[in-house]
Number of protein chains: 2
Amino acid sequence: MSETRDNGPVHWTVETQTARLFDDSRPLVTSSGGVLHEVDVAFETYGELNSDRSNAVYICHALTGDAHAAGYHAGASRPGWWDNLIGPGKPVDTDRWFVVASNLLGGCSGTTGPSSTNPATGKPYGLDFPLLSVSDFVAVHRRLGEHLGIETWAAAVGGSLGGMQVLDWALSHPQDLRNAVIVAASSRLTAQNIAFSAVGRHAIMRDSQFHDGRFHEHGTSPDRGLSVARMMAHITYLSEEAFAEKFGRQAQSRELTRNFGVDFAVESYLEYQGQRFLSRFDALSYLYLSRAMDYFDVFADPDALALVTEDPVNFLVMSFDSDWRYSTKDSRRIVRHLEGARLPTTFREIPSPWGHDSFLLEIEPYHATIRAFLDRAWERR
Amino acid sequence: MSETRDNGPVHWTVETQTARLFDDSRPLVTSSGGVLHEVDVAFETYGELNSDRSNAVYICHALTGDAHAAGYHAGASRPGWWDNLIGPGKPVDTDRWFVVASNLLGGCSGTTGPSSTNPATGKPYGLDFPLLSVSDFVAVHRRLGEHLGIETWAAAVGGSLGGMQVLDWALSHPQDLRNAVIVAASSRLTAQNIAFSAVGRHAIMRDSQFHDGRFHEHGTSPDRGLSVARMMAHITYLSEEAFAEKFGRQAQSRELTRNFGVDFAVESYLEYQGQRFLSRFDALSYLYLSRAMDYFDVFADPDALALVTEDPVNFLVMSFDSDWRYSTKDSRRIVRHLEGARLPTTFREIPSPWGHDSFLLEIEPYHATIRAFLDRAWERR
């Protein structure tokens, strides 16, 4: 990470690295029983690891995130997806913490996923890639820690699917983590959540270009289905109030022209989101990662809270009051379970009109709460 | 309408009729300026028109309804879509009222729509069909009244898009109606509403089988897109609580099998709804009717409430507390405008866990309210 300053704001230049974390000698056996003989993981690091390796923080990304959480890639005009939270002097302060962010197993931004080449066939895995679960993501995070020489993480931080990883990790391997920050997540999806995911996957898998997941070999991709899935998901990431505030019934041009094209501003927004997504995301990764979310139900295991350590993980659970995709009710369920097991848990519901997307935004009380929690984590080291 | 009684419940046998309401001598000029030289309208009637023609009630259907609102078609095992509300002794009591239900202009169940044959070309209209608005639907309803010899309707009743028609009709031609029942509707869609509709239409129009709306000529139809649109819409017709209550995280079979198929019960429900819809609905009608909803914004016209009659329409406006598609807030906006114009307006928010779908269900306080309102309408005749 290097700092450049040329008349503009400070731009931290960062690079994505890749490491082969599983190979023939130590393959990854997934929770579904699948075996992956080659797993490469893309990751970035920000800040410096201290000598006693006590200042490492893991960032877990959401459904469509990647390893580029903060800073700027060389020549890029836009920073990583959580750059407002992570950096020098920011709530996850890289002057203090050594921050690691990785791309999820099954993803499409440098880490091995269903569109990677299957070494057994020389072709993309497609649907031969094993079904994944949140605990598989955690297994890969732990292996990355091993690779980096980090046994204990001062904190793991994640929003949405990222928060699910943090929760799973803190419960399954509490000795790994000192602090866990779980934002806008749930211990299990509701039927409505699953319904939205199911329709998105249906759109992808019934796209005439899906070819049973072998679309790469046909030189095509189910773009129509993937953009529909993304557009629909975007509706659920904002609150109704946020849509009203941002777009209302405004015309995209000067006035409504009344036709079947893009006429309302909100239509233009969704079309743009759907199209832009195609250049950065893979339909198979969308299937695998969203399906892992559907099946996540961490407290269904009666032993989920059995691993109590002498020095328990400290939890910070946060929700946003206008988030209807992963609501305060979902966060409160997590808190109820954690407190039932006498685990030290702080809960905050943050007022924000922006719905689920709030976890990606710079909302003062939200960032202040994470900053304060990590300040205490620093003192407790 | 004839009554049969064979060991089972009373089955009223009804038939759909069709009338040509617009032709070369009197074509329909739509609000968009389009001209339709042949408009056939499918309709059903229940009960008997009395001698002074003062007992007629018009039923306006929602996005995917049809003229078959009540009773049973010969040999059918399922009744019309609003049979729990309309019939002998029911809230819309056909022992008292002469009830007329028609299929909307632009629809696909007997009334002329975009998949009908364009007499000018001998081929289906496709996207050459003129864009429709709610006021066009009302124009056709009025012409059907003329055809049936009904000048004044004792009431018009509708839910969702049906309620929008009733509202538009009562404001634009108050002399036509004595009473207006507007259920789970809105005077204008929110940005979120439009967003859902836009994604549904996107799925249809980007389906590889859409062929710019000429799919009939290609011997195909955009079934994938239409089923995605329907599945997504179904998510919005139920409340989150209703999904939790009906399905929760239950497996479709005995237990979750963990794959990309239909595994959760909620997935099975949506797949079924999506597939079943294809046999009864047309993709072009879905585009035209949903787009009419997007553009509806009846109070945007500053003169919307200018037509005050000496004997004003009595309004009943109803919402359901768990309906997030057309919420109580939307109904209250209608009420605010009507009361602002000193129009006699009754408003009821009905407690129901079932979301927008509630307007189709037999919910006691809902039906009791309509019954009481129509009782007063009967007394006021």
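Note that the coordinates shown come from a computational prediction; the quantities given were computed from them, not determined experimentally. Just so it is clear: chains get the letters A, B, ... in the order the sequence lines come, proteins before strands, and each one is counted from 1.
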Heavy-atom distance under 4.5 Å to chain A: side chain of [X], backbone, both or neither?
X	result
B/Leu287	both
B/Arg258	both
B/Leu189	both
B/Ser133	neither
B/Asp223	neither

Spatial distance of atom OH (B/Tyr237) from atom NE2 (B/His234) [nearest 0.5 Å]: 7.0 Å
Separation between CZ of A/Arg325 and CD of A/Gln192, rounded to the nearest 0.5 Å: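 Rounded to the nearest 0.5 Å, the CZ-CD separation comes out at 8.0 Å.
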Aromatic ring proximity B/Tyr288/A/Phe260, centre distance under 6.0 Å: yes
Aromatic ring proximity, centroids under 6.0 angstrom, A/His356 and A/Phe320: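 Ring centroids of A/Phe320 and A/His356 are no less than 6.0 Å from each other.
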Any residue meeting ring-ring contact (aromatic ring centres under 6.0 Å, His included) with B/His337, in chain and number order, not counting sequence neighbours: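 Once residues adjacent in sequence are excluded, the partners of B/His337 under the ring-ring contact (aromatic ring centres under 6.0 Å, His included) criterion are B/Phe299.
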If I measure from the heavy atoms of chain B, does [X] come under 4.5 Å with its side chain, its backbone, both, or neither?
X	result
A/Ala195	both
A/Tyr269	neither
A/Ser197	neither
A/Asp294	both
A/Glu271	side chain

For the interface with chain A, which of [options] has the highest count of heavy-atom pairs at distances below 4.5 Å?
options	value
B/Arg224, B/His202, B/Arg249	B/Arg249
B/Arg201, B/Gln250, B/Met232, B/Arg206	B/Arg206
B/Ser239, B/Gly248, B/Ser227	B/Gly248

A/Ser322 side chain to A/Gly355 backbone, donor-acceptor under 3.5 Å: yes
Top contributor to chain B interface from A/Phe196, A/Trp324, A/Tyr295 [non-hydrogen pairs under 4.5 Å]: A/Tyr295
Any pair counted as side-chain hydrogen bond (donor to acceptor under 3.5 Å, both in side chains), so long as it reaches residues 123-132 of chain A, sequence neighbours left out: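 Output for this query lists A/Asp128-A/Arg214.
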Pair A/Asp263, A/Thr257: side-chain N/O donor-acceptor within cut-off below 3.5 Å: yes
Donor-acceptor side-chain pairing of A/Thr30 and A/Asp136 below 3.5 angstrom: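 No donor-acceptor contact under 3.5 Å links the two side chains.
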